[in-house]
Amino acid sequence: MWLDGRRRRAAGRPRRGRVHRLPKGQPVSTLAAGEWRLIGATLLAIALIVVLITKLKLHPFLALILSSGVLGLVAGMPVDKLIKSFSGGVGSTVASVGVLIALGAMLGKLLADSGGAEQIVDTIISRSGRRTLPWAMALVAALIGLPMFFEIGLVMLIPVVLLVSRRTGQPLLLLGIPALAGLSVLHGLVPPHPGPLAAAGALNANVGITLALGVLIAIPTVIVAGPLFGRLAARLVPDAHAPEHLVPESAGDQEAVRRPSFLATVATVLLPVVLMMGKALADILLDKENQLRRVLDFVGDPLVALLAAVLLGMITLGRPAGFTRGRMSATLSDSLGPIAGILLIVGAGGGFKQTLVDAGVGDVITNLATGANFSPLLLGWLVAVAIRLATGSATVATVSAAGIVAPLAATLDPTHSALLVLAIGAGSLFFSHVNDAGFWLVKEYFGMSVGQTVKSWSIMETVISVVAIALILPLGAVL
């Protein structure tokens, strides 16, 4: 034991609370210079990502590849080790996260094409009064947002929001902000969305625990940033009116001849949530040798849970809508095309993370954070905020921040690892502005100016981020 500790110190690995001695003949400044070199390489790589994406309009996939190469070379990694490190990170990330993203896309496509999403919208809105309509819009967005990516859910919900606003005469943002908040919160905090899944994979966090805590934090966050902030947004931007050509003639007149029932649709959407939460509870409450826990661990695995939901959806969503085998096959195939870019970005983010780890950057950040007694949750949030503001991409912010703080997760228990995932996800939503594609999408759909979009959408995203981290930090102190 003593000999091993001496070897570690001689290798330049100081232990917390101990005075570490350098080998004879090695100047004291050498280790510090090496640490600064790694920190400088990290900052340079992040700055390069920002410049390539925002200034040169390069695809984030290519930006992450190039930045990983610069990071490794500046950090002094051998070229062969650099390539192997990046490739290994891409492979492990795609293997663990890529299949889940694909299954989530299939479920979302089934929900959209079968009319199940419209069924949820029509049922909830038809049973809502004028005062509860903003809350109903938040609920609709949250249910639809569980299996769907943000952009897809937004394109589906916006026509409904515009039509309901016209029919009821209520301010557009009073209804639109709750819908946007429901979609955005689910996108940033709750698996199986790409960001939380990628962060959970990078931090080796339990997806079931992440999902359970994510839903727990998402509910009050949606309430504050949705219906409550929606009232303020409607006052800040009272003259927001959707362009006439974007308002559909009717949300109900274009119903499919056959649609799945509301209960069947909701049951299908919530199945993976229930299975993964069951696994998380079993891991907490039951012994490892318990047979029920083994069953729940299997069916609650994200891969099995999402696969079960897709297979169930083929029956509960496809058949009532009258899908033939050919139509079913086409729907599932069409779901994979739009997520190709997301898969590549997430995979390259995994490669960037592994390059950070293998270059030794993670050890430096871990030592600095530990020595400064800095909260890993707050650090993860701040790093994600910085990258989000710079690049505009929530996914890039999530995967990059997860890679930077990944070594800290090795010292955390499963609950705090899951909270670190959520802290990073919350940071990735902070203040969407002109470098974010979602900013312009919302601006055009709601017919607002840049200033109006900042006062509504950008502030809403900031409220989500701040409220979420304000809930996560106390949970981290209590749990």
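- The backbone N or O of A394 lies less than 3.5 Å from a partner atom in the side chain of T398, making a donor-acceptor pair.
- Two residues are said to be in side-chain contact when any heavy atoms from C-beta on lie closer than 4.5 Å; I387 and I404 meet this criterion.
- Atom CG of D413 sits about 8.5 Å away from atom CG of L479, to the nearest 0.5 Å.
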Requested in this report: Begin from the C-alpha positions of T268 and L107 and carry the test side-chain contact (heavy atoms from CB on, under 4.5 Å) through to its verdict.
Outcome: CA-CA 9 Å; T268 304; L107 181 58; 4.0 Å; yes
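- With rounding to the nearest 0.5 angstrom, the CD1 atom of I49 is 11.5 Å from the CD1 atom of I65.
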Query - Derivation of the side-chain contact (heavy atoms from CB on, under 4.5 Å) call for L143 and L270 - result: CA-CA 8 Å; L143 285 176; L270 296 182; 4.3 Å; yes
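- Put simply, the residue from L420, L473, I469, I472 that forms a side chain to side chain contact (heavy atoms under 4.5 Å, CB included) with W381 is I469.
- Looking only at distances, a side-chain donor or acceptor of S449 sits under 3.5 Å from a matching main-chain atom of Q452.
- Without hydrogens or angle criteria, S165 side chain to L162 main chain gives no donor-acceptor distance under 3.5 Å.
- The two atoms that bring L332 and M106 nearest to each other are CD2-CB, 3.9 Å, heavy atoms only.
- Using a distance-only test at 3.5 Å, with no hydrogens or angles considered, no donor-acceptor pair links the side chain of S458 to the main chain of K455.
- Between V94 and L343 the shortest side-chain heavy-atom distance does not fall below 4.5 Å.
- Using a 4.5 Å heavy-atom threshold, the side chains of L412 and L203 count as separate.
- The shortest side-chain heavy-atom distance between L213 and T415 falls under the 4.5 Å cut-off.
- A side-chain donor-acceptor contact under 3.5 Å links T411 to the backbone of L408.
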Requested in this report: Go through the steps for I345 and H59 under the test side-chain contact (heavy atoms from CB on, under 4.5 Å), then give the verdict.
Outcome: CA-CA 9 Å; I345 293 172; H59 193 279; 3.8 Å; yes
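- Taking 4.5 Å as the limit, every side-chain heavy atom of D334 sits out of range of all side-chain heavy atoms of D113.
- Counting heavy atoms of neighbouring residues, nucleotides and ligands inside a 6.0 Å radius, atom CZ of R130 exceeds 12 of them.
- Interatomic distance, L100 CG to H193 NE2, rounded to the nearest 0.5 Å: 13.0 Å.
- Note that CG of L48 is 12.5 Å distant from CG of L43, once rounded to the nearest 0.5 Å.
- Between the side chain of R388 and the backbone N or O of A397 there is no donor-acceptor pair closer than 3.5 Å.
- To the nearest 0.5 Å, atom CG of residue L180 and atom CH2 of residue W457 are 5.5 Å apart.
- For the atom pair NZ of K109 and OG1 of T331, the computed distance is 6.5 Å after rounding to the nearest 0.5 Å.
- Judged purely by atom type and a 3.5 angstrom limit, S126 uses its side chain to pair as donor or acceptor with the backbone of D122.
- For the pair L62 and L52, the minimum side-chain heavy-atom distance is 4.5 Å or more.
- In this structure, L58 and L66 have side chains that are in contact, with non-hydrogen atoms separated by less than 4.5 Å.
- Screening S456, S184, S428 for a side-chain hydrogen bond (donor to acceptor under 3.5 Å, both in side chains) involving E461 leaves a single residue, S184.
- Taking the side chain as every heavy atom from C-beta outward, H187 and L183 never approach each other to under 4.5 Å.
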